[in-house]
Structures are given as structure tokens and as C-alpha cells.
Amino acid sequence: MPVKKKRKSSGQAGDETGLKKCKISSYCRSQASSKVISGEEHFSSKKCLAWFYEYAGDDEVVGPEGMEKFCEDIGVEPENIIMLVLAWKLEAESMGFFTKEEWLKGMTSLQCDCTEKLQSKFDFLRSQLNDISTFKNIYRYAFDFARDKDQRSLDIDTAKSMLALLLGRTWPLFSVFYQYLEQSKYRVINKDQWYNVLEFSRTVHADLSNYDEDGAWPVLLDEFVEWQKVRQAS
């Protein structure tokens, strides 16, 4: 149960720019590797950089077209690439793999210098998302990853997209909470609210029977519970 005292939520207006809505689907497509990777093959920085330049432009950054091709090659839907990046985060301690430095750091941590080796790591990356403790760290990291760096909060459209990816397939109340956010007055989600949504999803029953109205939940969640109870009673 959160320990912070209940308080009024901060900020109702925010930047409406954000990630496009993401599909609630498996973040990796099944795809057969064209080559069997031997455990004896050693990682090569030179080979890794050559792989990077297959997707990077003259500015040594993987842009939209390069990222689309990268997603196609590794078998990850473009709208779900964020899940791969988030699962990768704890290994690479990097904000992504769009620059040469980020790519090399992340791929070195995974010991991947080609498409087939990265595909062989998908089960490991999925396990990161399935471990409760690790997922909590990934979930928290997602807030800073997705927000505009000059903003303290996450705009509501981006928040909904990220929540769909992170909780859409595991939280029974997600679709209801998503509907609530769509019709609510909230235009941003702050860090405390973001953290508490995960705690709420893990501890409160789908029928809300164990929700403590006198607890230390953010006002956002108090109002969600009130809204849902009215719907259930009608």
C-alpha cells in the first residue's frame, strides 16, 4: 500500500503531443531465424557497428525509415518496439538504441552483433517483463523514457499508450481504466500517479471490493473508483 498522504493531483493541462496509440498485442512476432546461432560465436564490435549502419543515416542515428526496416528484420511490430527497449533497459542502462553509442552499448550488453543473435534473446527479454520485481523497475523507467524531457509529467495520450503496452494484457480493469482516462478531466499523469496505478493494478480486486477509500491513493484513483462504482450501480 502506498505510504504518501492523499493530496490533490497537480496539473490538468499539458502537451498533447505524444506517442501514437499502441496496439495491445504481443510485442514480438514469431519468426524463424535464417541461421542457427552457435554458443561458441563471439561478439564482434566491428560486426555490430556494421549492422548498425545498415539502418543508420548519415547523421549516425537510426531514423524512422531505418527503425521500420530494423523492426521488420527482427520481427517486432513498429508500434511495439517500445517494449523491446524497455525490457532492454535494465541490461543496457541506455535510453534506447537509436544512436551509435546507444546501439553499441545495448548490443554489447546482450552480446548481439546480428539479427539472429538478437532474436535469440527474445525469450530473455520477455522474462524481464514477467518477473514482478524487474517489471516494476521497467514500469517506473517507462515514465521517464516516454515523457518529454522538458516536462515533469506525462501527457495523457502518451500515458494511455504506455499503459496499454505495459498493463493492457495483464490488468483485468485496464479497459475500464482506459475508458475513464478518455472521458476524464486529466490531461497529464504525474510520476506519483503513474507509480500508484501499478500498485493499484496489483493489489485492488477487479470488483474494487478491497479498495480502501481512506487509504493514501492519489485523487486520480479515488475518482476512478467512484466513477466505476456509479457505472456498476446503473
Spacing of [X] atom [atom1] and [Y] atom [atom2] [to the nearest 0.5 Å]:
X	Y	atom1	atom2	value
Gln151	Thr158	CD	OG1	10.5 Å
Ile74	Lys121	CD1	NZ	14.5 Å
Leu221	Glu226	CG	CD	11.0 Å
Leu163	Ser201	CG	OG	9.0 Å
Met107	Ser109	CE	OG	9.0 Å
Lys47	Cys112	NZ	SG	10.5 Å

State whether the side chain of [X] and the backbone N or O of [Y] hold a donor-acceptor pair below 3.5 Å, judged by distance alone.
X	Y	value
Glu223	Leu220	no
Tyr195	Tyr139	no
Asp155	Arg147	no
Asp131	Ser127	no

With a 4.5 Å cut-off on side-chain heavy atoms, are [Y] and [X] touching?
X	Y	answer
Arg152	Asn190	no
Asn210	Val204	yes
Phe224	Ser184	no
Pro172	Phe174	no
His205	Tyr211	no
Lys191	Asp144	yes
Asp222	Glu213	no

Just list the side-chain donor-acceptor pairs under 3.5 Å for residues 54-65, sequence neighbours left out, or say none.
from	atom 1	to	atom 2	distance (Å)
Tyr55	OH	Asp73	OD2	2.7
Asp59	OD1	Val61	N	3.4
Glu60	OE2	Tyr53	OH	2.8

Which atom names give the shortest non-hydrogen contact between [X] and [Y], and what distance separates them?
X	Y	value
Leu118	Leu110	CD1-CD1, 4.1 Å
Leu154	Ala146	CD1-C, 3.6 Å
Ile189	Gln193	CA-OE1, 3.4 Å
Asn196	Asp192	ND2-O, 2.8 Å
Ala142	Trp194	CB-CZ2, 4.2 Å
Leu166	Phe135	O-CZ, 3.3 Å

More than 12 heavy atoms of other residues, nucleotides or ligands under 6.0 Å from CZ of Arg202: yes or no?
yes
Is it true that atom NZ of Lys136 has more than 12 heavy atoms of other residues, nucleotides or ligands lying nearer than 6.0 Å?
no
Out of Trp171, Trp227, Tyr186, Phe200, which one pairs with Phe177 under the ring-ring contact (aromatic ring centres under 6.0 Å, His included) rule?
Trp171
After noting the C-alpha distance and the side-chain angles of Asp113 and Thr108, does the key distance pass the side-chain contact (heavy atoms from CB on, under 4.5 Å) rule?
CA-CA 8 Å; Asp113 54 20; Thr108 301; over 6 Å; no
Let me see the working for Ser209 and Asp207 under side-chain hydrogen bond (donor to acceptor under 3.5 Å, both in side chains), right down to the final yes or no.
CA-CA 5 Å; Ser209 59; Asp207 63 1; 2.8 Å; yes
Taking it one step at a time, do Met162 and Phe143 satisfy side-chain contact (heavy atoms from CB on, under 4.5 Å)?
CA-CA 9 Å; Met162 293 300 296; Phe143 182 89; over 6 Å; no
Apply side-chain contact (heavy atoms from CB on, under 4.5 Å) to the pair Lys160 and Glu182, showing each step before the final yes or no.
CA-CA 9 Å; Lys160 289 186 296 184; Glu182 288 209 305; 3.5 Å; yes
Evaluate the side-chain contact (heavy atoms from CB on, under 4.5 Å) criterion for residues Phe70 and Thr115: first the C-alpha distance (whole Å), next the side-chain angles of each, then the deciding distance (0.1 Å), finally the verdict.
CA-CA 9 Å; Phe70 175 71; Thr115 298; over 6 Å; no
